[in-house]
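Have a look at the structure below, then the notes.
Atoms within each ligand, like the ligands themselves, are counted from 1 in listed order. Below, all heavy atoms of this structure are taken into account, side chains as well, without hydrogens, waters or symmetry copies. Positions are given from 1 along the sequence.
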Amino acid sequence: MASPHSSTQSLEVTVVGGGLGGLTAALALRLRGLRVTVLEQAPRLGEIGAGIQTAPNASRILLGLGLRGRLEAIRTEPLDQVRRRWQDGSIIGLTPLGEFCKRTYNAPYWHYHRADLHRVLMDACVDPDGPGPVVDLRTDSRVTALDRGDPARPVAVTADGAEYAADVLIGADGVRSAVRDLMGAPDTLRFSGDMAFRALIPGDLIAADPATRWLVDRYQSTIWYGPDRHLVHYMIRGGEFLNVVGCVPCTDEVRERWTVASTARELVDAFPGWDDRVAAMLGKAKDDVSCFALYHRRRDPVWMDGHTALLGDACHAMLPYQAQGASQAMEDAAVLAEELGRVTRAGVETALRRYVDRRAKHAGMVQDASLRNMAFYHLPDGPEQEARDELLRRGFSGESDISYDWLWSGTPLHDPDLGAFAYQFAR
Ligand code: FAD
């Protein structure tokens, strides 16, 4: 993609946080010719050992960044999304994915190991042969202060006293964003009352047991609905692992500590009385199960101040009940790059305002819908649950009240170049 700055000095951007949102933004900005520094607090860049799904709205962005070949090497493609009932595993809803998504939304629905997806983004950021200036990735760089004395050159100050001035500062530093606090944005953090067990179960154990073999016979994205809790699972790395997320009421300990190590036994015990196949599956987890308290942010239209703006969980952390947190951060990244990619220094504030205008309402609707799904998924057995199941059985496309059609179409992008990378499915 051509940069409007190719003949002059391009804009400099500091991105605080090298998670999936921060790296997608860094790559998208690089491709527009902007000079990007990423400051990451961790000693090494990486992601946790867990799975992640990108629905077509996010896959489209990743493909648009030229990552198709690299993603095809690490993705697993589910053929359908299946919703099951907790007690007997009966199917209450089925949404086609696979070819259907590529044909309808011109982008796939894919599953990955988070570390693989993160590595693909990181490699593309620093690829010396890629288009645009190579991204400067700095680890061990925890941002502890901002100096905005010169409003046009915000400075990120790290714990070791180093200072990074740039034309734009983006806080992509997650749900407990320091940049957000330092820029004086309102406290929107909320505790949901739920926690998520996460585990990667070895695929060979799943394949070897007749009680769980069905999970490898057809790759699917599965959600089991039960009173007060639900369970999500899908295969990643072509069957190497079954990724499991079990959402249940939170304990006081997890609420306080945010992340706590757990065990296969505790995971099985969290789903008492559920279909026998659930215990057969969860009982194969190794003891590297973890528990995460589920915090989210209240919808908030204030994502920017002058030349500083927020992206991803820092501004719209949501419950994972639409599997959209990182995907919405990727949409942020694409829109941010479109807006910053067409201005000079004088236009930065206007560009950031346009970014927020195009993204805040959309992401806010996904935040709200994710929160509503907490009640929708967890209905006790009874008339409301029966009405929900009937809705899903009739092929309702989506959950709560945003449709998959709206969600998977994503925020409209202006750039015709993105279309050139769009997924050409096999006819
Ligand atoms: P983060 O991933 O939190 O990254 C922030 C980065 O900033 C981190 O690397 C951190 O170390 C760094 N940082 C923090 N503070 C500082 C500082 N002061 N200075 C420098 N660096 C700092 N989303 C999907 O799209 N699909 C899914 O399938 C999905 N499944 C999920 C399942 C579960 C159980 C959960 C909990 C979430 C799920 N999500 C999913 C949501 C997704 O994980 C998050 O929305 C996404 O990872 C947020 O990305 P981010 O880059 O905004 O923040």
Side-chain angles (χ1 to χ4, degrees), residues 14-26 37-48 50-59 61-62 78 81 109-114 117-118 121-122 137-146 156-160 162 164 169-182 192 194-199 221 223 230-234 236 243-248 258-259 290-297 310-333 363 366-367 370 407:
T14 305
V15 175
V16 181
L20 292 169
L23 289 193
T24 310
T37 301
V38 175
L39 302 176
E40 166 57 48
Q41 65 180 1
R44 285 186 49 212
L45 277 163
E47 255 286 351
I48 59 166
I52 187 156
Q53 353 194 21
T54 59
N57 56 310
S59 306
I61 307 283
L62 298 174
Q81 185 180 66
Y109 194 111
W110 280 344
H111 291 154
Y112 328 77
H113 192 298
R114 279 176 180 257
L117 179 56
H118 191 270
L121 287 164
M122 188 169 66
L137 296 180
R138 292 180 180 243
T139 51
D140 266 326
S141 299
R142 185 162 64 88
V143 171
T144 52
L146 301 186
V157 185
T158 51
D160 57 5
Y164 299 85
L169 191 148
I170 300 297
D173 50 346
V175 60
R176 285 190 276 185
S177 166
V179 173
R180 181 184 179 86
D181 292 344
L182 292 166
S192 67
D194 275 0
M195 66 182 186
F197 282 95
R198 283 168 137 174
S221 177
I223 312 174
H230 76 275
L231 178 68
V232 172
H233 54 78
Y234 50 86
I236 58 169
N243 178 67
V244 170
V245 178
C247 297
V248 304
W258 284 65
T259 308
S290 341
C291 254
F292 294 78
L294 292 176
Y295 284 80
H296 60 104
R297 288 200 170 274
L310 301 170
L311 177 147
D313 276 9
C315 46
H316 54 62
M318 56 188 74
L319 293 182
Y321 297 174
Q322 292 267 3
Q324 277 284 330
S327 304
Q328 291 301 309
M330 290 166 187
E331 289 196 26
D332 294 345
V366 185
Q367 273 176 293
S370 301
L407 187 63

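- Ring-plane geometry between Y321 and H230 is classed as perpendicular, the angle between the planes exceeding 60 degrees on a 0 to 90 degree scale with a lower cut at 30.
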Give every pair formed by an N or O atom of ligand 1 and a protein N or O atom closer than 3.5 Å, one pair per line with both atom names and the distance to 0.1 Å, or write none.
from	atom 1	to	atom 2	distance (Å)
ligand 1	9 (O)	E40	OE1	2.6
ligand 1	9 (O)	E40	OE2	3.3
ligand 1	11 (O)	E40	OE2	2.6
ligand 1	11 (O)	Q41	NE2	3.1
ligand 1	18 (N)	V143	O	3.1
ligand 1	19 (N)	V143	N	2.9
ligand 1	21 (N)	Q41	N	3.1
ligand 1	23 (N)	G325	N	3.2
ligand 1	23 (N)	A326	N	3.1
ligand 1	25 (O)	A323	O	3.4
ligand 1	25 (O)	A326	N	3.1
ligand 1	25 (O)	S327	N	2.8
ligand 1	25 (O)	S327	OG	2.8
ligand 1	26 (N)	Q53	O	3.0
ligand 1	26 (N)	A323	O	3.1
ligand 1	28 (O)	Q53	N	3.0
ligand 1	43 (O)	R114	NH1	3.0
ligand 1	43 (O)	R114	NH2	2.8
ligand 1	45 (O)	D313	OD1	2.7
ligand 1	45 (O)	D313	OD2	3.4
ligand 1	45 (O)	A326	N	3.2
ligand 1	51 (O)	G21	N	2.9
ligand 1	52 (O)	D313	N	2.9

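- A donor-acceptor pair under 3.5 Å links the side-chain atoms of E40 to the main chain of A42, judged by distance alone.
- Judged by distance alone, with hydrogens and angles left aside, the side-chain atoms of S327 form no donor-acceptor pair with the main-chain N or O of T54 at under 3.5 Å.
- Using modelled atom types, one finds no donor on one side chain facing an acceptor on the other under 3.5 Å when comparing Q41 with D173.
- No side-chain donor-acceptor contact under 3.5 Å links N243 to the backbone of Y234.
- Put simply, the side chain of Q367 gets close to the backbone of R297: a donor and an acceptor are under 3.5 Å apart.
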